[in-house]
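So the structure is just underneath, and the comments pick up after that.
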Amino acid sequence: MEKQLVRIKVNSEYYELYIKPKKLLVEVLRDELGLTGTKRGCNTGACCACTVLLDGIAVKSCSVLAVQADGSEITTVEGLADRANLAPLQRSFLDHGAYQCGFCTSGMLMSATALLSEKLSPTKEDIRESIHGNLCRCTGYNSIIRAIAAVAEGKYKEQK
Amino acid sequence: MGYKCPVCEKTWLDTMELARHMFGTGDQAHKDWVNSKGLNFVELLLIQTMEPGNKGYKTLAELLEKEAEKVD
Amino acid sequence: MIRNFEYLRADTIKDTLNLLEEHKEDCKIICGGQSLLILMRQGLVAPKNLIDIKRLKELNYINFDKKGGLRIGTTTTHREIEKSSLIKDHYPVLVDMEKNLASVQTRNWGTIGGNLAHGDPAGDPGPVLISLNGAVKIANKERERNIPLEEFFVDYFETVLEEAELLLEVQVPVIPPRTAVAYEKFNIIKNDQGIVSVAVSITTDDDGVRCKEARIVLGAAASTPVRAKGAEQMLIGKKPDARILDKISDKASEEADPVDDIHATEEYRRRLVKALTKKLVKKAWEQARKSP
Amino acid sequence: MKKYKVINTHIHNIDGIAKVTGRAKYTFDITLPQMLHGKILRSPYPHAKILTIDTSRAEALAGVKAVVTGKDTLGIKQGIWRRYKELCDEEILARSKVRYIGEPVAAVAAVDEDTAEEAMDLIEVEYKALPGVFEPLEAIKEGAPQLHEHAERNINVTRHIEWGDVDEAFKKADFIREDWFRCSSQAHVCMETHCAVASYTPEGKLTVWTSTQSHYYIQVLLAGILGLRENDVRVISRYTGGGFGSKFELDSAQFCSSLLSMKLSKPVKIVLSREEEFMATKRRTPMFYYVRSGVRKDGTFLAKEARAFTEGGAYTAMGATALYLTGFFQAFPYVWPNYRYDGYRVYTNAAPTSAMRGFGAPQAAFCSETQIDLIADELGINPIEIRRKNAMYPGYEVPGQATIQSCGLTQCLDKVEKWIKKRGKLPPHRGIGIAAYGFMSGGIFNWFDTPYAFSSAVIKINIDGKVDLYVGSQDMGQGSNTTLAMICAEELGVRVEDICLHMGDTETCPVDLGAWGSRETLMQGNAVKMAAAEAKQQLIEFAAAKLAPNIVYDLDIKDCWVHLIARPERGISYFDIVKEAIRGREGQPILARGHYTPHRKGMISPAYSFGVQAVEAKVCPDTGKITLVNCVTAHDCGQVINPLGVQGQLEGAIAMAAGYGFTEDLPMDEGKILNPNLVDYKILRATEMPETNVVEVETYEPEGPFGAKEAGEGLTNPTAGALGNAVYHATGLSIKDLPITSEKVLQALQEKKAKKSKIS
């Protein structure tokens, strides 16, 4: 089996990689690009800790072959902040203590980012629904829901 | 005033406490001592849960009343 | 651990059918791969060649016309179906079904074709599409054939798809007048796979006093989605009052052939089939009477 | 002027930015140059003799660097209850016998994970299967298969707690009730699975990065089993992706990666798969409970007798502690004048059971709180009332066990009663159930046999006023780093941003026993406070010379301002004093130490948290499905240090404990766990979480730093019981067998219907 050329744009950087087709997107992000902010929590596509944005939509990077992402634009948690300026969701997560061990946080932030890009004013139910797949064993979710709601309500404007 | 554990020599206020210590520790040495006195360590433990009234521990406490060295 | 494989990307239907013909049993189709990649990771599936049709634009469409009804291309994602205004207007039950099918992430990348071809008896689209009298278009290099979804599923994770065949599209006829369709699955965790699911489609007679047509389809209640035909028969020509509802739902739970597993005993699954059937027949009936 | 400047204020978790930007490096993220990847081969048998292991084919595979088996170990049986030799019963890499499915028998290091996994299939192990035993009540029977030579009838540990005269008291009781309960197991499911990167260098030093709750325990246990000197083993653990009790014992990833690295002098990384995590790490202890209670007509508790048979699994682990604590907390948080407990931990051929958040107390609370509601009902007393009547109070002494100093239980009952009244009349098929609870703030008994203080802290103040705080505690997500920084800042009179906290490294941090048993706030907190007080004292000595107070006690530091307490405007900047003090002592930075070990504080803990929780649930009469609607908790954790942290602990505990109550379980067949993955193991998702409200009841705990107590595990205790009681009040059915699944509920509902129709 020969390696394939994969061209991807990750957090606005372009990459050309030769990789085995069996490599999962999450493996390439973590092992080839060193973007370890994206985590893995299971082997069955059931925890969504590996959620990234692929051309703007939330996907499980453990359930996408890297070769399938060829030509796409990917955003990981490392791409959320603008240099030292944290994104509104990141600031809201801090204010609401919407994380504890932090291992699911990247995935949560990416799911929430996708939601807010799709819906301007999501309901509490929309928010619960949007992170339904993201497993968290620490927080009991409610602080995360409050954090996302606060951003949706416009409490955190982009800092420029 | 107390009772010395015949195995590890720790002192306890009364024989019930001492019995508790011996069962709680439950290592071979303590088992052997109880068995050497004609009782069955494990049987006593099981009697304790199978029959009401603290029987297992009382039986050992009674034995210790006779056997254990008293200290003041 | 995923075994190595040759990766073959197909950009047209023609390429795909040629590749399938060329590799036959030595290949697998991947589209969203939401089920396949898990099986491959567990070593349960290890194809020599993997044909990727994720970018097969030709098969990514949702069309509707008043005569032919609905056509959904196989590479259309669950999320695309959920968000389609066409489907929202003409088949709202499909939108509800898709919304609860799985996590957003899975729905974003997983496709309708992949879901059906996986042949999971607990899958959501199967029962609903059967209750809608849907069909699938299948092709290999030589010929095309259409199969009613009712005949598509053969056994646990087994469909009529043969070697070198590709599922091209899902077809759903126009919903007849005075008809309503309802679907629900029972689970403890929302959007989980159903422990059982039931889809009901009811058409009333012209003056809306009796049931003219009925389809009751059970999911996760046998080795494939199954119609509770006995229960359907008891319903046709009748008005589902409390007494009839009891008899119908009893019958449906008799007709189910569920498994015993860690999530539920066979007995409990039958009870759930009964509860859901009762609820959904009632719901569909009331909606059907209201609908034009 | 507000009493506190830092404590009980809303501040960000000090690790927050690293976590929300994805920069926090967990062991799972660590890669070292030349690093190899390891995998562990595990037993497919619940009970078997190992006849032969042939590793030659695996060793021959290209890319495989080493294979180790029990033969490569010193054959030491280790255990965390070091004080009792017979309780050290686990080899980790089995040499001659395996006792559970998933027990390690060999480990491989290879150039990548795939190669290591391939090598697994090439290791040939010849087993002789032995009959297994899986139920504790079976395992104690005469003639049952015996797991360990030293454990006749498979009895591993027994505990007896007794006070008063139980038998006499029962004679006086107006009403006696006895019930059997079954408490199920539960998996910790830390998001980061157990993992370790071990690097052994020719200097004879071993460095291990690992995901743990106690780097000190791992250092000591690793040194012991590998025959190394304690301080030649360095354990580093900066970020830990969850612990919940599963990560303070030595695990197979840590041991096998170390063994392989010592053989190769190269770094080796082992990450357990989610499936291994389920099958071969420890889990919550299943318990069979017999509870008999005698009360007066008016609901006054007289006597209680409890017997627990706990499923130990194959090894002791922390099971001995769970066995004692469940017995102690069975009588909590009430005044039972007469109490007797007999606890038996029995070996079975399954994954060992051990510590898990709540540590035996959630099981006890489920049985106790369920039975109390049944008794209240039969006596026609309101559930709040019967609890209020028998509630513990400040100054109460649990005979021979513990002295309760602060206790806000009654206030908690009042608050919850108010909330319930506000809910008014509930719609049909709904019920509110309550449960009272309490928990320890760190354990007292030194079963690990450490010669060190239980907690220590070191402070170094630098020329710019920045405070280096070195703690031995472990932040696994519960937020101890932030809490400790707050305690330090408050005591020293500086801001949290002036503190630079160092943790998770045995080479630079003083010893602390780690994050378990809700220790950190009280024990590590006291050590930090002591160190901060000493550092402050040193600064004040210098300030005294300048400010010439009447006596030195007149000086204090607040908001980085060293001042006369009587005349706060008269003072000097903390930063100036630091500069002068350092100059003044020949350029030596300010150094201070603090430590804490509980003395003469009873058998269990120096302090106890208290609380009452009410759960409102909806039960579907057609399917038995339970839906959580609302959950309010009145909680006494003494003086709240970090409110955001307490709320997080509370809501997280509800999710985990509600899961224990009705969705989570580990069904087994002959010792094989049937749902070792996150698809089939049902954890609550965001869509299942009820509204959560917390009412803080503040008390002052004299033994705690600034009056603080635990706020972590105790919150896991009430939910299953409260949920069960909610179902009881919604349906009239009391399910005594966890988890309370929709199937059990529907089954019971139909039986009830059947009975009714017979009668009528």
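Numbers restart at 1 for each chain; the letters A, B, ... are given by sequence-line order, proteins then strands.
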Validation row: Thr44(A), Arg41(C) side chains within 4.5 angstrom (heavy atoms): no
In this structure, are over 12 heavy atoms from other groups packed under 6.0 Å from Lys190(C) atom NZ? yes
Can you pull out the residues in residues 24-41 of chain A with any heavy atom less than 4.5 Å from chain C? Leu24(A), Arg40(A)
Among Ile189(C), Leu36(C), Ile30(C), which residue forms the greatest number of heavy-atom pairs with chain A at distances under 4.5 Å? Ile30(C)
Are Lys83(C) and Glu118(A) within salt-bridge range, i.e. N to O under 4.0 Å? yes
Spell out the residues in residues 92-103 of chain A that have some non-hydrogen atom less than 4.5 Å away from a non-hydrogen atom of chain C, in order of number; otherwise answer 'none'. none
More than 12 heavy atoms of other residues, nucleotides or ligands under 6.0 Å from CG of Leu120(A): yes or no? no
Could you report the tightest heavy-atom contact between Pro21(A) and Tyr7(C), atom names first, then the distance? CB-CB, 3.4 Å
Pair count under 4.5 Å, heavy atoms only, with chain A: among Lys54(C), Arg3(C), Arg9(C), highest is Arg9(C)
Residue Thr106(C) versus chain A: region with a heavy atom under 4.5 Å: both
What part of Leu50(C) is in contact with chain A, defined as an atom under 4.5 angstrom from a non-hydrogen atom: side chain, backbone, both or neither? side chain
Option in Asn191(C), Asp52(C), Ile38(C) with maximal non-hydrogen atom pairs under 4.5 Å from chain A: Asn191(C)
Residues from residues 126-141 of chain A approaching chain C under 4.5 Å (heavy atoms): Glu129(A), Ser130(A), His132(A), Gly133(A), Asn134(A)
Under a 4.5 Å heavy-atom criterion, the part of residues 55-78 of chain A in contact with chain C comprises Ile57(A), Ala58(A), Val59(A), Lys60(A), Cys62(A), Ser63(A), Val64(A), Leu65(A), Val67(A), Gln68(A), Ala69(A), Asp70(A), Ser72(A)
